[in-house]
Amino acid sequence: MSEERKSLNFIEQIIEEDLANGMPKGNLRFRFPPEPNGYLHIGHTKAIGISFGLGEYYNAPVNLRFDDTNPAKEEQEFVDAIKEDIAWLGYTWDKELFSSDYFQQLYDWAVYLIKEGKAYVDSQSSEAMAEQKGTPTQFGVDGPYRNRSIEENLNLFECMKAGEFDGGEHILRAKIDMQHTNMLMRDPIMYRVLKKHHHRTANDWCIYPMYDWTHGESDYIEQISHSLCSLEFKPHRELYDWFLDQVVDAGKLRPKQREFARLNLSYTIMSKRKLLKLVEDGIVNGWDDPRMPTISGLRRRGYTPNSIRKFVETVGVAKRDNIIDVSLLEFCIREDLNKTAPRVMAVLDPVKLVITNYPEDKVEWLDAENNQEDESAGYRKVPFSSELYIEKEDFKEEASAKFFRLKLGGEVRLKNAYIIKAESVLKDVNGNIEEIHCTYSEDTSRRVKGTLHWVSIEQAVKAEVREYDRLFSDETPDSHQDKSFMEFINPNSLKTIEAFVEPSLKDAKIGDRFQFQRLGYFNVDDDSTLEHLVFNKTVGLRDTWAKVKPKQNTNQNQQKQPQQNNRSAIEQIKSYGKKYDRLPEDKQADAKVDIQELAQKVSYDEVEPLFNTSVKKSGTRIITMITLGVLLKNGLEKNDAITEFIAKALDDKNVLLVAEAAAIS
RNA sequence: UGGCCUAUGGUGUAACUGGUAACACGUUUGUUUUUGGUGCAAAAGAGUAUAGGUUCGAGACCUAUUGGGCCAACCA
């Protein structure tokens, strides 16, 4: 076997190149720099996965650095939550650091820049400054304070630090170029006055550095080799480099910023601000609501760290905008849970079933396999008696042969138990089925088509089950310029069900994950108590039956499927065109016969548009020629378009095309 | 009257210096099965945004277009 080399993503390629160019492997160092102003979500997981993943791959340290330069928005609560989430995902950071650790160093460097004439204090209103800044298509102009003396700047900046000014009076700006094509280079702000309590430095500072001034310098202080962030920071790179130029020591490592496309998930939103609105408006019950795309929400919903890491890995890293289908996330959690989750039986929508030939007082404790995917999972006992619950959905008085659940006169297997036959039903005055009467047979070796899950009524435990649907009805709720994402909120995203579960679940603990057989994966919610069990539905099983069922699921989203049957003759011919000239000779001959047959059903109007097919697509032009040949043979008159098409083909480089054209010209 | 990024099946990511487009999800079919799950097998689906060019040969190279995204917070 040849060695299989996994293809590298563009960031890995950059690193490999740096290594090849002589960077010692020991210099590799990464960081994940969240702002502690909210909870982490699935989008952050990508950034986490990239940096920490690189750290694991190269055995390099990864710092966790809280970017806490804006005391107005940041809180200790978020620091704690972020640490919990990253640790839960299974990553370990080298050092826990804070941008605020560098406030003094940043200040000293700022003073140095002032002395070098590279920074100045501006004393205008923010409106005036915005005015002078220009627009992307219009140059900026220099402001009136741009050429203050170094002494004055030094003095003013010191006064800013000493708290002698209020916010808005003065700011410190880098002196770069008001005519720069990159807006960020038009004398960006380095410091502003903010008389706010900081979660770590308390009231030590009343001036705070801006992101751009802080980030690159922090990377430099920590000697981060590759500073990875999302694409919207691409324009910041130029400034990142400019700030680095001012302070970098030739002997030390100079960090590199590189950008990747961030992750978007269909049917949800990723913006912290919008997520906050869902929380504040009470659309969801907090940041860890199981419907939220936050890490804490997914955790509570029953997702495993492994499944999320697998997801991020599968999604890949590139630079183009993307929307990943939730079905991929769901696949990842199913794949993980299928191997690990113990199987149990629970009935969510019960109907009573009575086994008339089973002794009324008898209870049998039958063996049930915990997980057929895992030999070591063992068995448990489940009680069986004459009165059971099954799902309403699993019984119909009459049904087609495609319905292989229980119907009158039909047989079905009860999972882990016996084969039963439905004999009759008992209905209330409205005609609703109250009881299904069956007989059972102890011969379980027979083959029957269907197998149902069930619980014995007497021993069943009541439990609350929370079923979730997607939060938004639109695939990209926040990408409509004319509509707010709030308009797409799905009002039925939470359904609370009173269910019956098998007694073995009585002592399930918070966080435990199960497969309710035939239904899906569920975990025990944080709200669960000994007296009142609460389960979350993590994700359903793949359900091919649901697709067969006529309408049933009303909010089933319509998916466009490629029509493969009933394709028109011309469509079938066209699909030959895509590969015709690449087919081996014998198959090509077969294809030609087939095309000629199909061509009988094709009209000239369908063929003419194909005359414009580009030269490159010779296959399509060949099949068009063959089809045209049939039409001509059937009496079609040559017109100018046809003559021109044939003439052009006779001139082509492709010999097959020339041959076909020659045959009919 | 801008700068930067980007374009490959329905989705996402591949394709080392040019050799005829791969993998995963999704879809469909068959098969296995005491879960309409899982497993196994297979199929459909892309001439790589467009138009030209170079070349025996282009998704990769060249030219010109077009679509999409980002950039004007004392946010990060």
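In what follows, every chain begins at residue 1, and chains take the letters A, B, ... in the order their sequences are listed. Only heavy atoms go into these numbers, but all of them, side chains included; no hydrogens, no water, no symmetry mates.
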Tell me, for nucleotides 66-75 of chain B in 5' to 3' order, what letter each nucleotide earns: B for a base near a protein heavy atom under 4.0 Å, S for only sugar-phosphate near one, - for neither? ---S-SB-BB
Consecutive Watson-Crick or G-U pairs in runs of at least 3, all under 3.5 Å, in which RNA chain B is involved: B:2-7 with B:66-71, B:10-13 with B:22-25, B:27-31 with B:39-43, B:49-53 with B:61-65
Check the interface with nucleotides 57-59 of chain B: list each N/O to N/O pair with the protein under 3.5 Å, or write none.
none

P atoms of B:G19 and B:U29, separation to the nearest Å: 38 Å
If you count the non-hydrogen atoms of other residues, nucleotides and ligands that lie under 6.0 Å from NZ in A:K277, is the total more than 12? no
Sequence neighbours excluded, which residues qualify as side-chain hydrogen bond (donor to acceptor under 3.5 Å, both in side chains) partners of A:Y191? none
Please determine if a side-chain N or O atom of A:R320 lies less than 4.0 Å away from the OP1 or OP2 oxygen of B:G12. no
Rounded distance in Å - CG (A:L239) to P (B:C4): 17 Å
With no hydrogens and no angle check, just 3.5 Å: does a side-chain donor-acceptor pair link A:T538 and A:R334? no
Between A:F522 and A:F514 (judged by ring centroids, cut-off 6.0 Å), do the two rings come close enough to count as a pair? no
Integer angstrom distance from the C1' of B:U8 to that of B:G45: 14 Å
Looking at the side chain of A:D67, which of B:A76, B:U6, B:U13 is the nearest nucleotide? B:A76
Mark up nucleotides 32-37 of chain B, 5' to 3', with B wherever a protein heavy atom is under 4.0 angstrom from a base atom, S wherever such an atom reaches only the sugar-phosphate, and - elsewhere. -SBBBB
From CZ of A:F331 across to P of B:G26 the rounded distance in Å is 6 Å
Residue pair A:V344 / A:Q515, side-chain heavy-atom distance below 4.5 Å: no
Would you please say whether a donor-acceptor pair under 3.5 Å links the side chains of A:R31 and A:H215? yes
Separation between the P atoms of B:A24 and B:G39, rounded to whole Å: 12 Å
Below 30° counts as parallel, above 60° as perpendicular, anything between as tilted: where do the rings of A:Y39 and A:F78 land? perpendicular
Base orientation of B:G47, syn vs anti, 90° cut from 0: syn
Mind checking if A:I323 touches a base, just sugar-phosphate, or nothing, with heavy atoms under 4.0 Å? sugar-phosphate
Can you find a heavy atom in the side chain of A:N264 that is under 4.5 Å from one in the side chain of A:D321? no
Partner of A:R173 under salt bridge (Lys or Arg N to Asp or Glu O under 4.0 Å), chosen from A:D212, A:D142, A:D122: A:D122
Sugar-phosphate, base or nothing in reach of A:G520, heavy atoms under 4.0 Å: nothing
Tell me, please, which residues at least two apart from A:K73 pass salt bridge (charged side-chain N to carboxylate O under 4.0 Å, His left out). none
Could you verify whether a donor N or O on one side chain and an acceptor N or O on the other, from A:Y240 and A:D219, lie under 3.5 Å apart? yes
Please name the residue in the list A:V326, A:L329, A:I333 that meets the side chain to side chain contact (heavy atoms under 4.5 Å, CB included) test with A:V539. A:I333
Are any non-hydrogen side-chain atoms of A:F32 and A:P34 less than 4.5 angstrom apart? yes
Looking at A:K319, does any N or O in its side chain come under 4.0 Å of the phosphate oxygens OP1/OP2 on B:U6? yes
Pairwise P distance, B:A7 and B:C62 [rounded to whole Å]: 14 Å
Using atom C1' in both nucleotides, what's the gap between B:A46 and B:U11 to the nearest angstrom? 13 Å
Are any of the side-chain heavy atoms of A:Y580 and A:L657 separated by less than 4.5 Å? no
